[in-house]
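The structure appears below as structure tokens.
When reading the values below, keep in mind they use all heavy atoms of this one structure, side chains included, and skip hydrogens, waters and symmetry mates. These figures come from a predicted structure and were not determined experimentally. For ligands, and for the atoms within them, numbers begin at 1 and follow the listed sequence.
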Amino acid sequence: MNKENWVIETRHLVKRFGQVTALDDINIRIAAGEFVAIMGASGSGKTTLMNILTCLDTASDGKVILDGVDAAQLNEEQRQRFRAEKIGLVFQQFHLIPYLTALENVMLAQHYHSVTDEPSATAVLNQVGLAHRINHLPSQLSGGEQQRVCIARALVNRPPVIFADEPTGNLDETNERLILQLLTELNQQGRTIVMVTHNPELGKLAHRTIFLQHGKFLHEEQHIKQH
Ligand SMILES: Nc1ncnc2c1ncn2[C@@H]1O[C@H](COP(=O)(O)OP(=O)(O)OP(=O)(O)O)[C@@H](O)[C@H]1O
Ligand SMILES: [Mg+2]
């Protein structure tokens, strides 16, 4: 594949927190349109890597190249714009605003990006199967429904890449399947997906799994593409 097609690349990435080396010489490339799983034991550096790839945190050493841009060269404003335009985030602990409805939570993401647009916020909630729940507060939604609001929120600004850190960690099996089906569909529609998971079965749904161990790249596995 031609180098211009790489959307995410790290070169000798190191992240230290005081005495702790959370990431140690990580060299990975994730191409546009890929569905990549990141696996590894607790403390292996998965969230740290996600935080750096999404510009929530910066590298201690090495380079992070996002869509051809060296992350270290971005100032705070450019970094925020990059995150708003290019990245959708889904977390294990949904991080929804408790006093806003599903629709308002999604519209808040639009507000941070540019302008609010109720029909398109409603459309993404419809896409995740929540058309009948748009006026519910998070506390009035099941865990699976809350996670689908989060996915709608991540999608609303049409980012090319979606990062999900243990998106099904708090869900039962039925909802886990629903969320994974949704992520797979989004990938089939052309979005790049990077998902952290503890579950090897979930990892196999991705095209490729990257394994981390004690902050180091251990190995990677290619899976047969389902599509
Ligand atoms: N802000 C921080 N300050 C100090 N140490 C940190 C910080 N964030 C992470 N670490 C350390 O870096 C290492 C990697 O942490 P990280 O959260 O990336 O692991 P993880 O693979 O996501 O684990 P889990 O599966 O439990 O979520 C751990 O040893 C952790 O204690
Ligand atoms: Mg983590």
Discussion item. Is it the case that the side chains of D165 and T47 hold a donor-acceptor pair, with the cut-off being a distance below 3.5 Å and no angle test?
Written reply: yes

Practice prompt. Could you establish whether G40 and ligand 1 come within less than 4.0 Å of each other, counting only heavy atoms on the residue side?
Written response: no

Fill in: Heteroatom distance test (V20, ligand 1): nitrogen or oxygen, under 3.5 angstrom
no

Discussion item. Can you give me the closest heavy-atom contact between D25 and H12, atom names plus distance?
Written reply: OD1-ND1, 2.6 Å

Item to complete: Among all protein heavy atoms, pick out the one at the shortest distance from atom 21 (O) of ligand 1; state its residue, atom name and that distance to 0.1 Å.
Response: K46 NZ, 2.8 Å

Discussion item. Using a distance threshold of 2.8 Å, state whether an N, O or S atom of M50 lies below it from the Mg ion (ligand 2).
Written reply: no

Fill in: Protein contact of atom 26 (O) of ligand 1 - nearest heavy atom, named by residue and atom, plus distance
S42 OG, 2.5 Å

Worksheet item: What protein heavy atom sits nearest atom 4 (C) of ligand 1, and how far away is it?
Response: F17 CB, 3.3 Å

Worksheet item: Relative to the heavy atoms of S44, which atoms of ligand 1 are at a distance of less than 4.0 Å?
Response: 19 (O), 21 (O)

Worksheet entry | Under 3.5 Å side-chain donor-acceptor pair for T209 and H223 | yes

Discussion item. Tell me whether T48 has any N or O atom under 3.5 angstrom from an N or O of ligand 1.
Written reply: yes

Fill in: Pairing of D24 and K15 as salt bridge, 4.0 angstrom limit
no

Worksheet item: Is atom 30 (C) of ligand 1 less than 4.0 angstrom from some protein heavy atom?
Response: no

Worksheet item: Within the side chain of N105, is there an N or O that forms a donor-acceptor pair under 3.5 Å with the backbone of I97?
Response: yes

Item to complete: Number the atoms of ligand 1 from 1 as they appear, then name those within less than 4.0 Å of a heavy atom of H198, with their elements.
Response: 25 (O)

Worksheet item: Which atoms of ligand 1 sit under 4.0 Å from any heavy atom of A22?
Response: 12 (O), 13 (C)

Worksheet item: Between E77 and R79, is there a side-chain N and carboxylate O pair less than 4.0 Å apart?
Response: no

Worksheet item: Any chain of hydrophobic side-chain contacts (each under 4.5 Å) joining L183 to M39?
Response: no

Worksheet item: Nearest to atom 27 (O) of ligand 1, what protein heavy atom do you find, and at what distance?
Response: T47 OG1, 3.9 Å

Fill in: Verdict with supporting geometry, N187 and T184, side-chain hydrogen bond (donor to acceptor under 3.5 Å, both in side chains)
CA-CA 5 Å; N187 176 245; T184 304; over 6 Å; no

Discussion item. Are V156 and L108 linked, directly or through intermediate hydrophobic residues, by side-chain heavy-atom contacts shorter than 4.5 Å (ILVMFWY only)?
Written reply: no

Worksheet item: If you measure every N/O of G43 against every N/O of ligand 1, is any gap under 3.5 Å?
Response: yes

Worksheet entry | Verify atom 17 (O) of ligand 1: protein non-hydrogen atom under 4.0 angstrom away | yes

Item to complete: Find all atoms of ligand 1 within a distance of less than 4.0 Å from any non-hydrogen atom belonging to A41, and give their numbers and elements.
Response: 21 (O)

Practice prompt. Describe, in one word, how the ring planes of H219 and F211 are oriented to each other, choosing from parallel (under 30°), tilted (30 to 60°) and perpendicular (over 60°).
Written response: parallel

